[in-house]
Structure formats: structure tokens, C-alpha cells
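The next block holds one structure in the form of C-alpha cells; read it before the comments.
Numbering starts at 1 and runs along the sequence shown.
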Amino acid sequence: MLNVPSQSFPAAGSQQRVAPTGQSRNKVALKPGHSLLDWIRLTKSGRDLTGLRGRLIEVTEEELKKHNTRNDCWTCIRGMVYNVSAYMDFHPGGEELMRAAGIDSTDLFDQVHRWVNYESMLKECLVGRMAVKPSPALQGSVSSFGSRNEFSEIHSFLWKYIIILIQTSCLVAKFLYEIINKVFPCCPVLIVQTAHSVGKVQVCLHKSVKDKWTKVGQPLEHHDTFIQCKDRELSYRECVLVSKSDVTHDTQVLCLQLPPGSNMQVPVGRHVYLKTSLQGTDVVKPYTPVDQSLIPPSQSSAEMGSDLNLMIKIYPDGLLTSHLASLPIGSSLSVGGPEGSFSMRILHDVTHLYMLAAGTGFTPMARLIRLALQDLASIRKTKLMFFNRQERDILWCSQLDELCTKEERFEVEYVLSEPTDSWKGRRGRIDACMLRNFLERPEKAKCLVCVCGPTRFTELAVQLVRQLDFSEEEIQIFQG
């Protein structure tokens, strides 16, 4: 397990701490017209706040040091360099920001402002990435190349190493470094170096044959282009339906096997697309994968990433779902993706995770529940309010109840709109009263409210949550 040094938060000298009695906090009174709202207006005005006219550059340590004055102030946070000169008058700490001038201020930032979403606040001030110095051990042995001409002539150069640079967060960089060295201890094929402060891991692979490359192969599709992934067409894989299992009277879990040698890791909160041809027309619909169950099996029978489990409600008059219900085992289905905007970073430092789900809106919550209980020790309480018409519609009801008995950090409340007389749980539809009791906000807690369900349910739920003074950053809407 990765041991992360404990850190007092907020830091002892942070402005986020309440000052001792009789002492004032070190905040600086901002000039008129320099509030946070004014800063947001400035960033949206189109003014060039970097001085580079929209260019992004790679910044060396020497270049960063040059920009260390009040009117020319650059700083580096987690490998990204920002020109904060324009922000100086908007900073509540005033000239204290000069402590970060011309240096990597990641540690300083984490001590004082770790909770601040600096990427959003300073996105118009982004200068570029921080360059990592090559290791002295590789100096002279490895040449760098950047232009297309140099790349096209790569076959004429005798390489001793192939270098892979992994850009990630500082914490993940440290984690990757430890994992690689644990899996490949003293391996002559790998030379692993790391720059924790800027979140980069450099993996150097020895060539098995010290000879010139005669060719570099064929370029991959979309290689060397600036087309964003979200703007590209989906690529589909032909998967095989290997099993079906009933969840409720009208809901099934379909297990799809990917093509041999293929692997698809779908991040939590993301979805895939099912496509099939019906009556001469391609029908496409998004579905959020689930695990085999909420309760982790003692031993996994399927290779990780080789199977997809999709929980699908069958509608009698639904064109695609009625087709899926009648599809025999061994049939083929096209799967595209994964896609979605959910980021794991939103869970950073969350202590109370609340979920509001209706019907199959439960599917993104299923993996989120397992993640919170298994891997996120910072989350002290995970609560699900699950809305359905009747008791027989509740998905994985027995597993949710079992999880409640096993995990003291987990709670579930069922709400039925059409219950039988014997139902002893909550009745009705979502309203402010039931949410007020459900969405607790303990002192010093960091909360996240996740919502998913039919459109009308989602819109009403989000409206009610906002009325309870939850900010936009504390609400996550799952769609697709």
C-alpha cells in the first residue's frame, strides 16, 4: 500500500484556519472592482492574461526563474505553469502570492489553498507545461526530437533507449514509480526515473538489438492531429453476448465478451454505446456498465476488462430493449466508447457521498458505491435514496440490504410511488422535506450529491438540492 505522509489540513499558517481569540486573520482587503466575480469577468473578457497570445509553451526551470517580479510573475503548480501577474490584485492574500514567483509552488499551494479549484480559476493564465530535465545517466545516450523532419529521419539514428514519458498527478507519479519497480525489480530492460513534484514518470526501454531502425511503421488513425476525442466518431467493437441474468421482473444484466485480445476499462461514471441494426436502421443507445454484483466476489472468474456487464430494463414497446430480450446467447452486438464527463477528481477529500437515483438511474451509482466503500477511506458516509414505483422494481435490493448490514458507512432508503399496503418504508415522490432530512451536512464535512434518473426526476432533484444551499461544485449529474 502506498504510504502518503499525513498532512494537517488546513495547514497551521493557512488563512482557512480560524485565528486564535483576539487575533485577526491575514486576509487583505481587495480594492473595489477586484472581487472574485470581477476576476471571472476579466477571464471571460478575451484579454491575453499570459502574454503569449494564446500559445502554450514548454517551460524550463531556468525560464521559470526569470519570471519572478510583481509585474511578471510565473509559478508552477503540479507541472503546469501559470502567469499570475494579472491575478495579483485579486488574490485575498495580496503580495503573499510573490512567495510563489518563479518557482514550483505545488507544496506551498497544498499547504495554504489545497481546497481551491485553481485549474478553473487560472485556466486563462496557463502558460504551458513544465519541462523535465533528462537524467544525467541518459545525457549523450538519448537524443530528443520534436519536429516532423526529425521524426521522419528517426530510422537513421542508432537508439539505445526508447523513452516513454507518463504525465500524471504528483501522487499517481509516485505510485507508478513504486509499482513499476516492484513488478520489475532490477530489470535490465527498464530504467525508471521520476519527477514527483511535476507528476512525470520516465520509463526507458532498452532495445533488444542494437541496430538501426529500417522503418517506423504506419501512422495510427488520427495520429499527429488536434482533433479532440469528443469530436471524433465512435469506434465500435463486435462483442459476443455470453450470458443473461434476471435482476427484476423487467430488468436483466447482459454480459458481453470483448473480441480476443481486446480490453476495455470503463472508468466509474462513464458509459458505453450499444449499436445494432434493426429493420435496416442502426439503433444506438448509451448504457452505464455495472460490476457483476455490489458485493465483491471472493475470486473473479472473468479477466479484468475483457467482459462488460450492462443492466438493462426491458420495455415491451422498446425497439432496442425488446430486441435485446429476445437475443440468443452467442449473438453479436457492437459496443462503442467509453464516454462521459465524470472525473474521479471530484471525489477528492469528499467525506459524505449522497446519491439520489430513480429506476435504472441506479446503474452509475452501483460502481460508485463499491468504489467509495472499497477504495476511498476519506468518505465517512455513503447514502443512497432509491426511488421506484413498486417494491418489485428495486434493483439489487437484497444486495443493497446485505451491504447495509456489512458496511456501517453505507445506508439506503427506498421510496415507492405506488406501494402496496404492506410497505413500511417511505412513500411518495421526491420533495424538499425528505431531502432535508436525508442530506445531512456535518461540521467540516465536504459533501457531494450525485443524481441520476429520468429527465423530469433529475431536473426536480437538482432544483431541490440547490434550494438546500448545495453549490454547483457539490452536485454531480449523471447523463447518458
Which of parallel (below 30°), tilted (30 to 60°) and perpendicular (above 60°) describes His67 and Trp74?
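Rings of His67 and Trp74: parallel, as their planes differ by under 30°.
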Relative to the ring of His271, is the ring of Tyr273 parallel (under 30°), tilted (30 to 60°) or perpendicular (over 60°)?
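If you compare the ring of Tyr273 with that of His271, the planes turn out perpendicular.
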Lys383 charged N/C atom sitting above Phe438 aromatic ring, 6.0 Å / 45°:
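That pair qualifies as a cation-pi contact.
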Looking at Arg78 and Asp107, is there a salt bridge between them, counting it only when a charged N and a carboxylate O are closer than 4.0 Å?
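No, Asp107 and Arg78 are not salt-bridged.
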Return each pair, listed once, that meets side-chain hydrogen bond (donor to acceptor under 3.5 Å, both in side chains) where at least one residue sits in residues 31-43; pairs must be two or more places apart or across chains.
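Qualifying pairs: Ser35-Asp38, Asp38-Arg41.
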[Y] backbone acceptor or donor facing [X] side chain under 3.5 Å:
X	Y	answer
Ser334	Tyr236	no
Arg409	Leu373	yes
Gln399	Leu294	yes
Ser262	Leu258	no
Arg466	Ala461	no
Arg270	Gly337	no
Thr60	Glu63	yes

Of all residues at least two apart in sequence or in a different chain, which pass the salt bridge (charged side-chain N to carboxylate O under 4.0 Å, His left out) check with Arg441?
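Only Glu474 meet the salt bridge (charged side-chain N to carboxylate O under 4.0 Å, His left out) criterion with Arg441.
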Which residue pairs pass the ring-ring contact (aromatic ring centres under 6.0 Å, His included) test with at least one member in residues 442-461, sequence neighbours excluded?
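Pairs touching residues 442-461 that pass the test: Phe387-Phe457.
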With no hydrogens and no angle check, do the side chains of Thr50 and Asp48 hold a donor and an acceptor under 3.5 Å apart?
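Result is yes, a qualifying pair exists.
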Within a strict 4.5 Å, meaning less than it, do heavy atoms of the Phe386 and Leu395 side chains meet?
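Yes - at least one pair of side-chain heavy atoms lies under 4.5 Å apart.
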Can you name the one residue among Glu408, Glu411, His352 that meets side chain to side chain donor-acceptor pair (under 3.5 Å) with Lys381?
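Exactly one option meets the side chain to side chain donor-acceptor pair (under 3.5 Å) with Lys381, and it is Glu411.
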